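Notes follow once the structure below has been shown.
Numbers for residues simply follow the sequence, beginning at 1. Fair warning: this is a prediction, and the values are worked out from it, not measured in the lab.
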Amino acid sequence: MATQTSIPALIRKKRDGEQLEEEEIQSFVRGVTDGTVQQGQIGAMLMAVRLRGMDAGETLALTRAMAGSGRALAWPPAWRGRLVDKHSTGGVGDKVSLALAPALAACGCKVPMISGRGLGHTGGTLDKLEAIPGFRVTQSPEEMQSILERVGCCIVGQSEELAPADRVLYSLRDVTATVDSLPLITASILSKKAAEQLSALVLDVKFGSAALYSTLESARELAHSLVGVGERLGIRTTAVLSRMDTPLGRCVGNALEVLEALECLDGGGPPDLRELVTSLGGLLVWQCGLAGDAEQGRERLGRALDDGSALRTFEAMLGAQGVPPPTAHRLCAGAPSERRQVLGQARVCEELPALQGGWVQAVEALPLARVLHELGAGRTRAGDPLNPRVGAEVLVGVGEHLQEGQPWLRLHHEGALGAGGRQALQAALRLGPAPPPAAPPRLAETILPAAPAAAAH
């Protein structure tokens, strides 16, 4: 157990740029978990790591220690090689998980997807699902296994027993300005995934004006760190670098994003959403040995979206996680008007007209998300309530020509939109006198492991 005398020595060692031994890192994490390390000491260590960094060996040791700070999930031996999950670093309009988990299950994978809530301008998968009446994100490990046996996928919140050291460090990173530390991000993401006992993991590392990292280079650095440490944990790990300057798809806001995910599960929906779902899923289907390569995996996942099997799996998952079966069926098989009725609608639905004519150069995700956050779609502090019915639908695409007065955004809110919010929204629409150059693809790069992974769980 970490002692009060040893912790200052460890902080001093990292502060001075020295490498910490695996036993020292384990000792620190044990003290974090059992409460014997003071919060001030934890904050000091986080800042030392943020300023001095950690090499790959230290990052691996930190991830292992955090994963080992709580319970590891256990699965039937027959599922070996088929257990998969995905993690996104967060974006605007990112409803990928809602379509991806059931599509993967329809392809034969087991998907114990552990997701998070939204904070700041980024949305959370759990908040989107809780827009569906009756959906329960809290499931015990035993309940998760039962759902996976019957359905093939579940989407749940992080249990208190899973990587408890991460919860302590995560909450303190936010208030100590150490959120952007590469080894701390890597250990936080992968400790939870290691505790899931996964076979394969895909990471959607976003970059751009509405992402954690603004540049491709910084996102690539994180992706390489995650893939390298993931592989050394024995998880077949790949990463995709995707742009996050404009919203993913056309809808932002919890209930609206559920509706758009259902379109994707119906074989339709926005092309950029389908591309990301099939690309991430294709990598996992390939990594599980259910396809010969990533392209074959992508095609297989696309078939699950087109033939209805992914949508049927989503309906079964809703029923298994507390949604009354008639409600789940109306949501999944109903007409668009029925689906909207199930989820409810905001009091005000209005369209914003373009203030001038021109060619659409961009619809910027960050100002759009910030206004929706102010209107109640997001939360500033963990635990804050939010309104799932608040959101926006982008009615135009980059490269389209708009006339002055033509609607470009449909806004759903409860009547609290003021002049400042309208001004900020209009600033999100960038128009030009000529068509823009061809937009770069949303998927910029795929990062594959450098060497074969150790045996999968």
Could you check whether Asp204 pairs with Lys86 (Lys NZ or Arg NE/NH1/NH2 to Asp/Glu carboxylate O, under 4.0 Å)? no
Looking just at side-chain N and O atoms, do His329 and Glu315 make a donor-acceptor pair shorter than 3.5 Å? yes
Mind running side chain to side chain contact (heavy atoms under 4.5 Å, CB included) on Leu355 and Glu404 for me, showing each step along the way? CA-CA 6 Å; Leu355 299 180; Glu404 183 180 340; over 6 Å; no
Side-chain touch Glu221/Leu182, heavy atoms, less than 4.5 angstrom: yes
Within the side chain of Arg243, is there an N or O that forms a donor-acceptor pair under 3.5 Å with the backbone of Asp245? no
Side chains of Leu212 and Phe207 in contact at under 4.5 Å (non-hydrogen atoms): no
Would you check if Trp75 and Leu148 make a side-chain contact, meaning some heavy-atom pair closer than 4.5 Å? yes
Main chain of Pro270, side chain of Arg274: is a donor-acceptor contact present, judged purely on distance under 3.5 Å? no
Locate the shortest heavy-atom distance separating Leu284 from Asp85; write the atom from each residue and the value. CD1-O, 3.7 Å
In terms of heavy-atom contacts, Ala328 and Val323 come closest through N-CG1, 3.7 Å
For a 4.5 angstrom cut-off between non-hydrogen side-chain atoms, does Pro112 reach Leu198? yes
Say whether, by atom type as modelled, one donor and one acceptor occur between the side chain of Glu143 and the main chain of Ser140 under 3.5 angstrom. yes
Main chain of Gly81, side chain of Ser199: is a donor-acceptor contact present, judged purely on distance under 3.5 Å? yes
Counting only heavy atoms from other residues, nucleotides and ligands, does the tally under 6.0 Å from CD of Gln406 exceed 12? yes
Inspect the contact between Asp266 and Arg339 and indicate whether a charged nitrogen and a carboxylate oxygen are less than 4.0 angstrom apart. yes
Verify the neighbour count for atom CD of Glu414: are there more than 12 heavy atoms of other residues, nucleotides or ligands below 6.0 Å? yes
Leu233 side, atom CG; Leu60 side, atom CG - distance, nearest 0.5 Å: 5.5 Å
Between Glu393 and Arg340, is there a side-chain N and carboxylate O pair less than 4.0 Å apart? no
Among residues two or more places apart or on two chains, list those pairs meeting side chain to side chain donor-acceptor pair (under 3.5 Å) that have a residue in residues 431-443. Thr246-Arg442, Asp272-Arg442
Is a side-chain donor or acceptor of Gln158 paired with a backbone partner of Leu162 at a separation under 3.5 angstrom? yes
Nearest heavy atoms of Val277 and Cys264, plus distance in Å: CG2-SG, 4.3 Å
Check whether any side-chain N or O of Arg236 sits under 3.5 Å from a backbone N or O of Gln287 as a donor-acceptor pair, and report yes or no. yes
Is the shortest side-chain heavy-atom distance between Leu262 and Leu331 below 4.5 Å? yes
Given 3.5 Å as the limit, does a donor-acceptor pair link the side chain of Glu400 with the main chain of Gly397, or not? yes
Using a strict 4.0 Å threshold on nitrogen-to-oxygen distance, state whether Glu364 and Arg430 make a salt bridge. yes
Any side-chain donor near an acceptor of the partner, Ser191 and Thr63, under 3.5 Å: no
Take Leu301 and Thr278, measure what side chain to side chain contact (heavy atoms under 4.5 Å, CB included) needs, and give me the verdict at the end. CA-CA 6 Å; Leu301 206 96; Thr278 56; 4.3 Å; yes
Checking Ser188 side chain against Leu184 main chain: does a donor-acceptor pair fall under 3.5 Å? no
Determine, stepwise, if the pair Arg117 / Glu130 fulfils salt bridge (charged side-chain N to carboxylate O under 4.0 Å, His left out). CA-CA 10 Å; Arg117 298 195 177 277; Glu130 284 184 337; 2.8 Å; yes
Cut-off 3.5 Å, side chains only: do Gln426 and Trp408 have a donor facing an acceptor? yes
Measure the spacing between SG of Cys109 and CZ of Arg82 and express it to the nearest 0.5 Å. 7.5 Å
Taking C-beta and beyond as the side chain, do Leu443 and Leu241 meet within less than 4.5 Å on heavy atoms? no
Close side-chain approach of Lys128 to Leu98, heavy-atom, < 4.5 Å: yes
As an exercise, state the distance from CD1 of Ile155 to OG of Ser115, rounded to the nearest 0.5 Å. 5.5 Å
Donor-acceptor check, side chain of Glu275 to backbone of Pro271, threshold 3.5 angstrom: yes or no? no
Tell me, do Leu411 and Leu372 make a side-chain contact under 4.5 Å, heavy atoms counted? yes
For the pair Val92 and Leu366, evaluate side chain to side chain contact (heavy atoms under 4.5 Å, CB included) and give the outcome as yes or no after the intermediate values. CA-CA 8 Å; Val92 177; Leu366 189 57; 5.7 Å; no
If only side-chain N and O atoms count, and only distance matters, is there a donor-acceptor pair under 3.5 Å linking Lys206 with Thr89? no
Donor-acceptor side-chain pairing of Ser181 and Thr178 below 3.5 angstrom: no
If I take atom CE from residue Met317 and atom CZ from residue Arg312, how far apart are they, to the nearest 0.5 angstrom? 15.5 Å
Go through it in stages, so that I can follow the logic: the residues are Leu448 and Val227, the test is side chain to side chain contact (heavy atoms under 4.5 Å, CB included), and I'd like the CA-CA distance, side-chain angles, deciding distance and then a yes or no. CA-CA 7 Å; Leu448 299 176; Val227 170; over 6 Å; no
Minimum heavy-atom separation for Leu265 and Pro102, please, with both atom names. CD2-CG, 3.9 Å
Are Arg50 and Asp180 ion-paired here, with the side-chain N under 4.0 Å from a carboxylate O? yes
Heavy-atom pair with the smallest gap, counting every atom of Leu290 and Arg300: O-NH1, 3.2 Å
Mind running salt bridge (charged side-chain N to carboxylate O under 4.0 Å, His left out) on Asp166 and Arg173 for me, showing each step along the way? CA-CA 10 Å; Asp166 176 61; Arg173 276 167 55 211; 5.0 Å; no
Pair Glu260 + Lys95: basic N to acidic O under 4.0 Å: yes
Establish, from distance only, whether the side-chain atoms of His413 and Glu350 form a donor-acceptor pair under 3.5 Å. yes
Please round to the nearest 0.5 Å and tell me the distance separating atom OG of Ser225 and atom CG of Leu190. 7.5 Å
Would you check if the side chain of Ser279 reaches a backbone N or O of Leu276 as a donor-acceptor pair within less than 3.5 Å? no
With rounding to the nearest 0.5 Å, note down the distance linking CG in Leu352 to CG in Leu417. 7.0 Å
